[in-house]
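Here is the naming used below: chain letters follow the sequence lines, and residue numbers restart at 1 for every chain.
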Amino acid sequence: MNTTDTNPALNPAGTTDMTADSTSGNAGGATAPPRLEVTALSKTYGSGANAKCVIEDLTFTVNTGEVVCIVGPSGVGKTTLLKCLAGLQPATSGTAAIDGRTIAGPPPEMALVFQDYSRSLMPWLTVRKNVRLPLRHLHLPTQEMNQRIDTALEAVGLAHAANQYPWQLSGGMQQRVAIARALAYRPEILIMDEPFASVDAQTRFELEDLCLKIREDFGMTILVVTHDIDEAVYLSDRVVVLGSKPARVLDVIGIDLPAPRDQISTRSLPEFAEQRTTVLSMIRKPA
Amino acid sequence: MNRKLINWGLGIGTPLLLVAAWWAVSQNSTNTFFPPLATILERFQALWLFDHFGSDVLLSLRNLALGYALATVIGVGLGFVTALVPVVRWALDPLIHFFRGIPPVALVPIFISLIGFGIEMRLVSIILAALFPTLIATVDGIRSVDPSLKDVSAVYRLTRTEKLAQVYLPAAGPQIAAGMQVSLQVAFIVMIASEMLGASQGIGAMTLLAQQSFMTSDMWAGILLLGVIGFGANMLFELAKNKVLAWYVGSRRLAKS
């Protein structure tokens with residue numbers, strides 16, 4: 001990946017090297033070390049009597065090529081967690097690390113699809129120019145840049161709308177533009193914050209399948225935050241269940257459903273219902 | 001379509017009708033202060049289109065254009081710095097709000113005594129007065145850039161230049177344009193006032209001179225010319241704004257429908 005040579009945001013400090021060593025030691029060398037590793041992450045806003053602990057002692061990992069969903073009640077602090085992972089906010093304590101390097105600023109190998117698509121696109125740029133914006137400073141050859149944009153727009157089925165403005169498109173289409181922008185950036189890790197929350201059911205199914213297709217086609221590691229349990233079970237290899245106030249990991253549930261997943265057949269499997277029930281009861285359980 | 005035609009007809013017809021009414025009512029006027037429109041137009045042609053075009057009209061227009069252009073560049077530039085550099089913001093904020101409270105024309109006497117009666121005085125007056133609406137609008141515009149757009153810029157690691165030119169400037173564009181439109185009006189007012197108060201050349205000076213020498217038709221001709229220039233300048237501004245901010249105009253129209 002051409003982004004690996006420029007990563008001033010990452011601080012390979014001595015302490016994080018130790019963390020990486022100890023984890024690979026724990027794994028016993030049998031499995032690859034986790035791509036994304038969150039260790040005892042806490043986030044507190046304010047201080048003294050007004051301090052509000054939003055996230056407390058979160059620990060989980062995401063392996064290379066995995067799709068992991070984070071589910072939890074609304075208002076649990078999922079967006080705060082993603083902001084810490086994306087390097088937009090510093091954690092109060094604990095670390096988030098990619099390949100053992102602590103995240104101190106937006107990492108070059110990561111892209112984020114925001115929850116509020118209508119506010120994350122530039123209304124003064126056409127769809128094509130929105131997708132192109134993050135690519136300009138990568139100094140790609142013109143041909144490769146155009147090819148990346150075309151491929152991304154085709155992947156989300158928006159090749160025909162390239163010259164329209166985002167505000168001329170429906171909500172689902174706008175969210176697909178945001179996804180296309182992330183795809184063209186070719187991140188190794190894609191994080192999505194309730195990406196399908198405000199689109200209609202049909203579009204949601206399409207976008208979910210698009211998400212799985214991206215993983216197949218581009219080999220991305222994908223982390224999705226959602227409050228929709230069905231969606232989490234359908235998409236994930238593993239589901240991280242969060243409890244609320246403050247957010248903490250209740251359990252990490254491995255989802256053992258056959259691939260490739262299909263909106264109709266996968267969702268009608270008895271295992272699907274079982275897994276769904278497991279996750280749901282975990283969330284509903286009084287803390 | 002029909003409705004649109006009627007609206008256009010109203011927009012063009014009403015002024016024409018008023019001019020015709022003025023013409024008819026003033027036709028046989030012997031009132032010194034309200035000469036016949038025909039006489040005013042005659043003087044208009046004689047004064048502005050030939051005699052004083054080079055010496056006065058062009059001079060005024062050049063001052064307006066140059067002063068306004070500099071005010072805009074300085075206003076937007078200073079606005080960016082004020083909005084984005086906390087130290088500058090804390091230092092300049094109270095000052096800006098103090099100066100915005102002073103009516104721009106009230107500054108002209110100070111400039112006359114400080115800089116004199118020359119073209120420099122008029123230019124400096126125009127720049128300083130027209131600066132503030134654009135400056136304040138730019139600061140407000142940049143401060144109200146959506147935080148999600150800032151997050152997007154950070155996540156995709158846009159360079160500083162890209163953030164300024166590709167995100168902040170267009171995002172604040174509609175507000176900056178609104179400020180620039182006010183600046184244009186202020187620049188126009190101060191252009192005339194500075195000529196009336198401290199110059200012997202320019203449209204403002206000529207108009208005041210005509211009034212003081214009881215050449216009422218010449219005075220009216222000057223006022224007419226000022227009206228035409230003001231109208232024209234604003235129309236040019238609107239045209240440019242609608243072109244540059246086509247995305248904004250379009251999205252607003254769509255949101256309303």
Side-chain angles (χ1 to χ4, degrees), chain A residues 3 6-10 79 82-83 85-89 103 105-127 129-139 164-170 174 177-178 181-182 184-187 189-193, chain B residues 76 79-80 83-84 86 137-138 140-181 238-257:
Chain A
T3 47
T6 53
N7 48 8
L10 300 174
T79 299
L82 290 197
K83 287 199 166 174
L85 293 185
L88 294 171
Q89 284 182 359
I103 296 168
E109 56 269 82
M110 183 190 284
L112 189 71
V113 173
F114 293 83
Q115 178 177 2
D116 195 345
Y117 49 79
S118 64
R119 286 168 58 210
S120 86
L121 297 171
M122 316 288 162
W124 52 88
L125 297 178
T126 59
V127 167
K129 286 181 176 166
N130 261 292
V131 175
R132 193 175 68 145
L133 183 62
L135 306 182
R136 293 161 58 104
H137 62 87
L138 298 180
H139 301 298
Q164 287 187 277
Y165 286 94
W167 39 267
Q168 294 174 310
L169 307 176
S170 67
Q174 289 182 36
V177 177
R181 178 172 62 186
Y185 193 61
R186 301 273 164 94
I189 302 170
L190 177 63
I191 298 189
M192 300 202 263
D193 185 5
Chain B
V76 172
F80 262 81
L84 295 175
T138 306
D140 286 347
I142 291 174
R143 279 190 205 161
S144 54
V145 171
D146 197 318
S148 356
L149 292 184
K150 294 182 191 169
D151 282 349
V152 171
S153 312
V155 163
Y156 287 109
R157 299 161 60 88
L158 299 190
T159 63
R160 188 200 302 260
T161 321
E162 280 178 326
K163 276 183 198 167
L164 292 180
Q166 309 280 333
V167 181
Y168 286 97
L169 185 61
Q175 263 175 286
I176 294 176
M180 281 172 65
Q181 196 152 17
E238 284 282 340
L239 279 176
K241 186 180 85 174
N242 286 345
K243 193 150 183 66
V244 175
L245 294 179
W247 65 270
Y248 182 69
V249 178
S251 65
R252 286 287 295 266
R253 193 179 300 143
L254 201 70
K256 273 184 200 158
S257 65

Looking at every non-hydrogen atom in both residues, tell me the closest pair between [X] and [Y] and how far apart they are.
X	Y	result
A:Tyr185	B:Val155	OH-O, 4.2 Å
B:Thr159	A:His137	CG2-CB, 3.9 Å
B:Trp247	A:Tyr165	CB-CE2, 4.1 Å
B:Tyr156	A:Ala178	OH-O, 4.5 Å
B:Leu149	A:Trp124	CD1-CH2, 3.9 Å
B:Val152	A:Ser120	CG2-O, 3.6 Å

CZ (B:Arg143) with more than 12 external heavy atoms under 6.0 Å: yes
Crowding at NZ, B:Lys241 (>12 non-hydrogen neighbours, <6.0 Å): yes
Working to the nearest 0.5 angstrom, can you tell me the gap between [X] [atom1] and [Y] [atom2]?
X	Y	atom1	atom2	result
B:Asp151	A:Asp193	CG	CG	10.5 Å
B:Arg157	A:Met110	CZ	CE	11.0 Å
B:Lys150	A:Leu88	NZ	CG	12.5 Å

Toward chain B, the part of A:Leu112 with a non-hydrogen atom under 4.5 Å: both
Side chain, backbone, both or neither of A:Leu135 within contact of chain B (heavy atoms, under 4.5 Å): neither
Proximal to chain A - members of residues 171-181 of chain B, heavy-atom separation under 4.5 Å: B:Ala171
Any side-chain heavy-atom pair of B:Ser148 and A:Asp116 under 4.5 Å: no
4.5 Å side-chain heavy-atom contact, A:Arg119 and B:Pro147: yes
Qualifying residues under salt bridge (Lys or Arg N to Asp or Glu O under 4.0 Å), relative to A:Arg136, sequence neighbours excluded: B:Glu162
Region of B:Leu254 in contact with chain A, defined by heavy-atom distances below 4.5 Å: side chain
Under 4.5 Å from any heavy atom of chain A - which part of B:Asp146: side chain
Options B:Ser251, B:Ala255, B:Ser153, B:Ala154, ranked by heavy-atom pairs under 4.5 Å with chain A, top entry: B:Ser251
Among A:Gln168, A:Met122, A:Lys83, A:Arg181, residue most engaged with chain B (heavy-atom pairs, under 4.5 Å): A:Arg181
